[in-house]
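Notes to accompany the following structure.
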Amino acid sequence: MYELLIAPFVEFEFMRRALIGAAALALGAGPVGVFLMLRRMSLTGDAMAHAILPGAAVGFLIAGLSLPAMTIGGLVAGVIVAVLSGLVTRFTALKEDASLAAFYLLSLALGVTIVSMRGSNIDLMHVLFGTVLALDDGALLLITSITSITLLTLALLYRPLVLECVDPVFLRSVSRSGTPVHLIFLALVVLNLVGGFHALGTLLAVGLMMLPAAASRFWSADITMMTVAATGIGMASGALGLLLSYHAELPAGPAIILVAGFAYLGSLFLGREGGLLWLVLPGRHLEA
Amino acid sequence: MTRATAIRFDDVTLGYGRHPAVHHLRGEFAPGSLTAIVGPNGAGKSTLLKGVVGALRPLAGRIAVSSGPRTRIAYLPQAAELDRSFPLSVYDLVAMGLWQTSGVFGGIGRKDKAKIDEAIAAVGLTGFERRSIGTLSGGQMQRVLFARLLLQDASLILLDEPFTAIDAKTTADLLDLVRRWHDEERTVVAVLHDVDMVRRVFPQTLLIAREAVAWGETETVLQPENLLRARRMVEASDPFARVCERA
Amino acid sequence: MLVKRNVVTLLMVAALASFTALPATAQERIPVVATFSILGDLVSRVGGDRIDLTTLVGPDGDGHVYSPTPADARRVAEARLVVTNGLEFEGWIDRLIASSGTDAKVIAASDSIAAIAEEEDEDDDTGHDHGHAKGHSHGHSHGHDRKDAHNHSHDHAQGRDHAGHEHGEFDPHAWQDVDNVKAYVANIRDALVEIDPEGAEAYAENAEGYLAELADLEKDIEAAVASIPEDRRKVITTHDAFAYFSRAYGLEFIAPQGVSTESEASARDVGEIIRQIRELGVRAVFVENISDPRLIERISAETGAQVGGTLYSDALSPPEGPAGTYIEMMRHNIRVLSEALAS
């Protein structure tokens with residue numbers, strides 16, 4: 001048991017760093033993912049991950065595999081797309097899904113064009129798939145900072161965020177914070193995706209956001225508990241994924257997301273709150 | 001006690017695009033009044049409330065809400081655009097009513113908790129605090145929303161068809177609350193369909209059919225000839241309408 | 001009078017005729033396409049002025065995963081000779097040639113060399129210390145546990161025949177052994193002579209001169225390795241592209257990733273490398289111009305092995321860089337290696 005679960009982390013520093021990085025990511029992405037899901041914005045997360053990619057690629061083309069360049073590039077691209085689509089949704093008849101789709105596709109096409117002009121380069125693959133096993137001090141600092149900012153912001157904006165999901169009309173009638181809160185939330189999504197892509201790559205970073213959140217829905221009907229569950233599942237996926245990569249020789253990033261995916265499937269069937277198993281075998285009902 | 005709010009309409013036209021839902025409205029909801037808005041379908045009643053709340057900008061004219069330092073407006077829209085599937089408890093939803101006092105960042109202290117409990121009790125939902133809003137019946141949901149209104153402690157309360165499809169017991173209980181608000185000298189305006197209820201409970205009435213047909217004491221307004229005139233007014237917006245010439 | 005006029009006319013006609021004759025005698029250059037920068041350098045040394053060379057994958061580019069453009073297809077279509085590396089280095093070349101519809105002669109420069117079969121890293125005890133100074137042209141390596149890394153098994157295209165072995169995939173980085181490059185040069189020369197017999201003499205001369213330079217290079221490399229103490233001839237690098245160098249000159253290369261840069265390292269791979277570095281006491285770690293330097297820095301940080309510099313494996317550097325030609329590349333690599341290991 002020790003050999004299986006603890007030894008790899010004791011023996012190798014890169015495993016410890018990867019674990020810290022994945023855990024920090026889960027801590028930030030978990031709550032954000034829960035809110036995304038509750039606001040019916042799950043696919044928005046996926047779209048934003050695609051929107052970030054070209055920004056990171058451009059940063060990479062300018063400065064190579066430099067943390068600041070790719071981070072800033074990704075942030076700029078993500079924020080632009082998020083803000084533009086948010087504003088279009090607020091002020092025109094076009095709904096969130098269509099306006100976001102339009103902007104992220106534009107962003108992606110632009111990115112591909114720019115990258116193609118410079119020719120192919122293998123390191124771009126590392127932008128796509130990340131290197132959770134190669135997190136240096138800069139990357140870890142970035143991830144933990146993003147997580148701290150995320151948690152702080154969510155704590156402060158908790159009520160308007162919830163209200164915006166549940167009863168946006170009421171919120172608009174008592175406060176003008178609806179639109180800014182929405183935009184700040186989108187910014188948090190972008191921030192977490194940018195933090196995630198250094199470790200997991202742009203394509204998989206959103207997995208750690210959405211899969212634990214989706215799984216948590218099956219364990220609780222209370223928002224706080226859902227957030228706790230999502231974070232826990234995310235962290236466990238990180239640890240188990242790394243162990244899987246170590247013992248079964250699978251690439252690390254995808255292994256983490258695979259574990260999260262299995263956690264989701266397991267929750268789907270066995271979760272206490274509306275899991276498929278419980279729907280089939282309802283058990284005896286209460287008196288009142 | 002909050003100072004009561006008056007709402008004055010200066011030749012107000014409200015609508016969507018260029019088609020007016022309400023034309024050339026002039027008049028005032030006096031401070032502390034309890035007014036019912038009645039009229040046929042498509043008469044512009046909901047539109048009127050949306051204009052007061054600020055959700056809709058007038059196509060012409062001005063709506064003046066006399067606001068003092070403690071003016072708060074509470075609005076209960078017609079169809080709740082509430083997401084019932086959101087995992088929120090009754091307690092938390094009612095607590096949202098304190099928003100205007102505590103703001104975005106404010107916490108909820110002991111006195112606030114007492115107020116929340118009181119509001120829930122006032123609508124007869126003690127014991128329901130932990131229930132998820134998705135499990136409530138229509139009547140229970142409406143009670144919860146009224147509890148939230150209570151907490152808002154507003155000087156102007158706007159209700160858009162609050163009793164549609166609600167059971168009689170709940171309706172009666174909630175009407176008591178409306179009366180209480182009137183006793184507390186808050187300005188209350190409610191869009192209603194039940195003319196008998198209006199006669200029983202509401203001292204003032206605005207009869208509207210895309211324009212004000214009559215506005216004043218309920219008994220006077222609800223005369224048969226007024227009701228007839230209201231029914232005759234056109235419901236749908238006319239695609240071939242000419243530009244309105246009236247001043 | 002008449003005579004003078006006739007002489008003038010004659011002179012003018014002669015002058016005009018000579019002008020028109022000039023272009024006819026000027027040589028048209030033979031269009032040749034080389035797949036990547038290293039080959040391009042070799043072809044340009046042998047072909048000289050007689051050829052018009054286009055290289056598809058430029059300096060610092062990755063020949064493993066290149067995506068050809070329509071412009072490339074046009075070049076290939078117009079070419080009379082296409083020089084590829086062979087050994088399945090360019091997975092994309094067959095499709096490009098087919099779709100371009102070219103009728104150029106296509107050669108694999110690595111024809112007739114002794115290729116090393118590809119191995120999976122974990123089973124690679126890499127404990128093989130090739131003591132011999134010059135690796136050999138025929139016969140091929142020795143039996144250790146070998147698994148095929150990739151699963152495609154299609155035959156080598158263009159009907160190359162390989163020097164006597166069988167199935168499976170081969171390590172394509174044959175140019176890391178100077179001896180193989182001599183064979184490359186010979187193959188290139190022969191192909192050029194075949195399509196352009198008029199230039200046979202020029203090609204032979206160019207090739208001979210270059211081969212002499214290669215011989216010098218080889219001696220220098222062997223001398224440099226000899227000056228490194230035997231217990232220090234171990235090196236870590238991210239890209240497993242130096243098997244031929246290792247076999248030929250006796251340095252041991254240990255890598256965390258497979259031959260192609262497409263595969264991603266698992267935690268186990270990285271852990272094994274670190275363990276190995278610690279156990280074997282490897283002193284130097286190198287970063288290549290086409291791999292993820294972050295991973296190598298992480299390994300270096302954890303084991304204390306020095307990050308030595310940049311090794312060029314699959315591509316030349318731009319002309320202003322330290323590895324603008326093949327010979328410069330090899331000299332750069334051996335210098336960087338000896339500096340790091342001998343210190």
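Below, chains carry the letters A, B, ... as their sequence lines are ordered, and counting in each starts from 1.
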Option that, when pairs with chain B are counted at under 4.5 Å, heavy atom only, ranks first among A:Val162, A:Val166, A:Leu38 |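 Looking at each of A:Val162, A:Val166, A:Leu38 in turn, A:Val166 comes out on top.
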Any pair with a residue in residues 114-159 of chain B that passes ring pair (Phe, Tyr, Trp, His ring centres under 6.0 Å), sequence neighbours left out, goes on the list, sorted by first then second residue, please.
->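 Every ring pair (Phe, Tyr, Trp, His ring centres under 6.0 Å) pair that includes a residue of residues 114-159 of chain B, provided the two are not neighbours, is B:Phe146-B:Trp181.
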Under the ring pair (Phe, Tyr, Trp, His ring centres under 6.0 Å) rule, what pairs show up with a residue in residues 80-99 of chain A, not counting sequence neighbours?
->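 For residues 80-99 of chain A: none.
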Spell out the residues in residues 261-274 of chain A that have some non-hydrogen atom less than 4.5 Å away from a non-hydrogen atom of chain B, in order of number; otherwise answer 'none'.
->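 Under the 4.5 Å heavy-atom cut-off, nothing qualifies.
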Spell out the residues in residues 220-230 of chain A that have some non-hydrogen atom less than 4.5 Å away from a non-hydrogen atom of chain B, in order of number; otherwise answer 'none'.
->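 Expected list: A:Ala221, A:Asp222, A:Ile223, A:Met226.
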Crowding at CZ, B:Arg131 (>12 non-hydrogen neighbours, <6.0 Å) |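 Correct, the count exceeds 12.
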Side-chain contact, heavy-atom cut-off 4.5 Å: A:Phe170 with B:Leu82?
->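 No, their side chains stay 4.5 Å or more apart.
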Chain A contact via B:Arg148 - side chain, backbone, both or neither, heavy atoms under 4.5 Å =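 Interface part for B:Arg148: side chain.
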Answer with side chain, backbone, both or neither: which region of B:Ser85 has an atom nearer than 4.5 Å to a non-hydrogen atom of chain A?
->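 It is both, since atoms from each part get that close.
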Per-residue contact mode, A:Arg40 against chain B (heavy atom under 4.5 angstrom) |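 Looking at A:Arg40, just its side chain touches chain B.
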Part of A:Val169 lying under 4.5 Å from any heavy atom of chain B =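 Contact with chain B: side chain only.
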Could you pull out the closest heavy-atom pair between B:Met96 and A:Arg159, with the gap in Å?
->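 So the minimum-distance heavy-atom pair works out to CE-O, 4.4 Å.
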With rounding to the nearest 0.5 Å, note down the distance linking CG in A:Asp167 to CG in B:Leu88.
->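 Nearest 0.5 Å value for the CG-CG distance: 10.0 Å.
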